[in-house]
Structure formats: structure tokens, C-alpha cells
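One structure is given below, encoded as C-alpha cells.
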Amino acid sequence: MRAAELDAVEPLAHLVERFVRPEGLVYLDGNSLGPLPRHVPDAVGDVVRRQWGAELVAAWNSEGWWEAPQRVGDRVGRLVGSAPGQVVVGDSTSVHLFQCYVAAARLRPGRRVVVADPDAFPTDLHLLSSAARLCDLEVAPARPADVPALLAARGDEVALVALSEVDYRTGERCDVAALTAAAHRAGALALWDLAHSVGATDVDLDGAGADLAVGCSYKHLSGGPGAPAWVYVARRHQALVDPPLTGWHGHADPFAMDGRYAPADDVRRMRIGTPPMISLLALDAALDVLDDVTPPQLRARSTSLVGFLVEALEALVPELPLAGPRDPARLGGHVAVRSPDAWGVVRALAARGVVGDFRAPDLVRLGVAAPSTTHADLATAVVDLRAVLDAGEHRDPAHAVRPTVT
Ligand SMILES: *Cc1c(COP(=O)(O)O)cnc(C)c1O
């Protein structure tokens with residue numbers, strides 16, 4: 001009942017209609033692969049049939065393919081508090097991260113330490129470890145809450161503080177503005193991974209004075225599987241930033257075909273080579289969904305949904321503790337609960353048509369995609385979770401086998 005009332009008064013409830021919602025499915029994994037916006041298949045059909053099929057190579061000019069990384073970058077930038085001209089879209093989050101780690105080290109010569117969360121998403125840590133070997137850096141582990149103390153102790157050695165705003169497991173947010181300011185007081189740069197933030201929180205990169213940021217497009221932005229990610233470089237660093245992968249798309253004059261590298265004088269220097277255009281243009285179309293929405297409006301809807309989910313979980317399944325904070329203001333776009341049978345719980349929920357996901361070792365993660373999830377979806381999910389536990393469905397031996405992607 002309460003869910004229906006909230007859905008009736010929620011100002012962005014109409015956004016749900018813009019998505020394909022498979023019959024009988026409650027999809028709570030939009031933080032992993034966002035659902036398909038209804039108009040995207042036709043938009044991609046046009047890219048393939050008309051632009052590629054009929055215009056062929058002319059489309060690089062006539063359809064603005066060449067400038068698309070910056071144009072789509074500005075559309076994403078609006079959602080993370082970036083003024084135009086500071087974001088490009090084109091490679092994976094992993095590649096953009098590597099570019100940023102090395103570029104940051106080069107912007108702070110003489111400083112060797114990179115502060116990073118040891119519980120960060122593994123790819124962030126893997127790439128940092130390789131960048132550290134390449135640039136002779138030391139990785140100093142610190143949870144976000146411990147970063148100020150580490151900076152107080154060793155600040156003059158620190159080149160970069162690299163953190164995620166939203167913890168991919170627990171959903172806990174950290175304070176981007178405060179931690180960026182702490183990094184700057186020590187003379188270090190701040191790199192933010194906004195993979196789980198963009199489209200879910202109202203992070204304000206310019207307002208926080210962030211230096212560098214990256215984020216995914218296939219999660220809350222619904223850009224589609226493999227949608228190219230984005231990278232932000234604050235304007236004040238663009239003339240100096242020196243990424244390691246210097247491809248021809250980042251050249252000042254790519255079609256001069258000059259064998260000597262001269263970087264573009266703005267954010268275009270973060271481009272590398274030809275991006276996956278069909279995916280990039282699918283993302284471009286997907287962003288139409290949010291055209292008439294401001295980040296604070298989207299954040300307000302996300303907070304309402306996440307807060308409702310927390311309350312429902314606490315009321316109906318109190319035996320599964322929340323992995324993160326209970327205050328929705330301190331959460332991003334997902335909520336996780338702990339269970340020793342987390343894998344079985346996720347599988348049993350899926351068998352009932354409620355798709356969440358499992359994160360090792362013991363998390364049941366329930367994603368809340370602000371544009372496409374309703375309070376009623378969340379009520380259904382939690383009622384089903386109660387039923388799974390009551391019937392012991394999570395202990396069914398059929399759930400013993402794990403596929404590759406969990
Ligand atoms: C999802 C996610 C990634 C994914 O990186 P890809 O290069 O797209 O595979 C990276 N970092 C974080 C924090 C993520 O949540």
C-alpha cells in the first residue's frame with residue numbers, strides 16, 4: 001500500500017515508462033547492467049542501417065561521429081557536475097583508470113605515493129598495481145574514512161588519492177568534496193571512480209574541485225552492454241595532463257597524419273583510438289531518457305527508493321544485516337544485506353523473478369535504478385525475499401552450481 005502511494009506522488013515516476021520492463025520480472029540489477037530504454041533499438045537501427053549502411057564513411061562528418069566522444073561526454077558530464085569540455089567517452093573504465101593513474105603521477109613528479117581503498121573494485125586495484133610498477137609508485141591502502149589520517153601523516157609524499165564515491169559492495173558513499181579538499185591540502189590530486197555514482201547520486205565534480213574522474217556507462221546510465229566509459233579532466237589540468245596511451249584521436253591535428261605526437265590542447269587528449277561507435281551512439285540515445293531531469297531530481301528519487309528498500313528490509317528480513325549504512329543519504333544506488341547463504345538467496349530470488357546479484361563472499365546486492373525501478377518493485381522483492389527464507393528455497397541443492405558471471 002505504502003509503495004503504491006509513494007509511486008503515485010513521486011515526481012519522476014513517469015520515467016519508468018521509458019524503459020522495457022520484461023513481464024513478470026523485478027529487475028534489481030540496473031547497477032550492473034542498466035535496463036533497455038524503449039527507443040534505443042530504433043536509434044541503434046538507424047545508426048546501423050542508415051548511417052553505416054547508406055552514408056558509410058561520410059558519416060564520420062555528416063553524423064558527427066568524430067566529435068561524438070566530446071558531445072556524449074558533455075551529456076554525461078552534466079550528470080556529474082561537470083561544465084562542458086571536461087569529459088570524453090570512448091574506452092572502458094579500466095583503460096580510462098590506467099590513463100588517469102599514470103597521468104596523475106606525471107602531474108606530481110617527486111611524489112611517489114598513491115592512496116587507494118584496499119576494498120575497491122578489483123580492476124581499479126589491478127590497474128593501479130601495474131601503473132605503480134611502471135611509474136615506481138607506492139600504493140598506500142586506506143579506507144575512505146582513514147584517508148585524512150594517512151594524509152596528515154604522509155601527505156607530502158602523496159601524488160594521488162584514488163577512491164570510489166560509492167562502494168560497489170555495500171553501497172556506502174563517501175564525501176567527495178571533503179576528501180578532495182583533504183587531498184588538495186596535502187598537495188595531492190584526487191581521482192574519483194564514479195562507476196556506481198553516475199545516474200544515482202548528485203556528485204558535483206566541479207563543485208568539489210575534483211581533478212580526475214572516470215565512470216561506467218552501462219550501469220545506471222543504461223548505455224548497454226560494453227557501452228564505452230567516460231573520463232573527466234578538470235579544465236585547469238588539460239594543458240598539462242600527459243596520459244600514457246597517446247593515440248591518434250588525441251592528437252592536435254589527427255588528419256595531418258604527423259608522425260610526431262602533439263596532443264590536443266583540451267580534454268580531447270584523453271582520446272586514444274577509434275571508439276566503439278555503435279555502442280557509443282547507443283549510449284547517446286539512452287541519455288535522452290534523462291534529458292529533462294536534473295541530477296538533484298534524480299538523486300531525490302534514488303533516495304526515496306533506497307530509503308524505502310532499507311525500511312522494508314529491516315521490517316521484513318531483520319535477520320539479514322545491512323552491509324552498509326541505513327541512512328539513504330549515505331547510500332548510492334544499491335543496498336546489500338549479508339547472508340551466509342547469499343548465493344542461494346540470490347538464485348532463489350531469481351527463480352521467483354526477482355533479479356539482484358551476489359557479491360563474494362556473503363552479499364545479496366539489490367540495485368535501485370532510479371529512473372526504471374518503482375517502490376512497488378522493491379516491495380515485491382522484499383516480500384519474495386521473506387518467502388524464500390521462510391520456505392528454505394535458498395538451500396535448494398539446484399543452486400549449488402555457479403556460472404561464470406555472478
Ligand atoms: C563496474 C566497475 C568497473 C568496471 O570496469 P570495466 O572496465 O567497465 O570492466 C570498474 N570500477 C568500478 C568501481 C566498477 O564498479
Side-chain angles (χ1 to χ4, degrees), residues 28-35 69 72-73 76 79-80 87-102 114-131 139 141 143-144 160-174 176 179 190-201 203 205 210 212-232 243-245 270 272-273 275-276 279-280 282-283 286 323-324 331-336 356-360 363 365-369 404-406:
L28 301 184
D29 214 0
N31 55 321
S32 187
L33 178 66
V72 181
V76 173
L79 300 171
V80 289
V87 175
V88 290
V89 174
D91 298 280
S92 69
T93 300
S94 296
V95 170
H96 287 311
L97 277 169
F98 186 75
Q99 291 278 77
C100 286
Y101 292 136
V102 174
V114 177
V115 179
D117 181 352
D119 295 329
F121 191 89
T123 204
D124 298 47
L125 297 172
H126 302 332
L127 289 154
L128 176 56
S129 131
S130 176
V139 180
R143 293 286 291 153
L160 177 69
V161 175
L163 294 171
S164 293
E165 186 204 15
V166 176
D167 186 304
Y168 78 100
R169 287 185 290 208
T170 65
E172 182 164 12
R173 290 174 85 193
C174 58
V176 171
L179 288 164
L191 161 62
W192 288 99
D193 186 330
L194 302 182
H196 281 278
S197 303
V198 58
T201 72
V203 60
L205 287 172
L212 301 161
V214 301
C216 291
S217 306
Y218 52 76
K219 294 176 178 168
H220 288 284
L221 295 184
S222 274
W230 53 273
V231 56
Y232 162 95
L245 301 174
M270 299 306 285
I272 305 172
S279 280
L280 201 162
L283 166 64
L331 286 161
H334 63 271
V335 176
D357 65 17
F358 163 78
R359 279 297 172 261
L363 293 184
R365 197 172 66 156
L366 302 173
V368 176
T404 312
V405 176
T406 60

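Every number for a ligand or one of its atoms is a count from 1 in the order of the listing. Note that the structure is a prediction, hence the values are computed from the model and not measured.
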Ring pair (Phe, Tyr, Trp, His ring centres under 6.0 Å) filter on His220, not counting sequence neighbours, yields none
With Arg365, which residues qualify under salt bridge (Lys or Arg N to Asp or Glu O under 4.0 Å), at least two apart? Asp357
Taking the side chain from Tyr101 and the backbone from Ser129, do they hold a donor-acceptor pair closer than 3.5 Å? no
Name all residues meeting the side chain to side chain donor-acceptor pair (under 3.5 Å) criterion together with Thr123; count only those two or more places apart in sequence or in a different chain, and write none if there are none. Ser94
Exactly one of Val114, Leu160, Leu191 clears side chain to side chain contact (heavy atoms under 4.5 Å, CB included) with Leu128, and that residue is Val114
Can you produce the list of protein nitrogen or oxygen atoms under 3.5 Å from a nitrogen or oxygen of ligand 1, alongside each distance?
unit_1	atom_1	unit_2	atom_2	d
ligand 1	7 (O)	Ser94	N	2.9
ligand 1	7 (O)	Ser94	OG	2.7
ligand 1	8 (O)	Tyr218	OH	2.6
ligand 1	11 (N)	Asp124	OD1	2.8
ligand 1	11 (N)	Asp193	OD2	3.1
ligand 1	15 (O)	His196	NE2	3.2
ligand 1	15 (O)	Lys219	NZ	2.6

Could you tell me whether the side chain of His334 and the main chain of Tyr168 form a donor-acceptor pair under 3.5 Å? yes
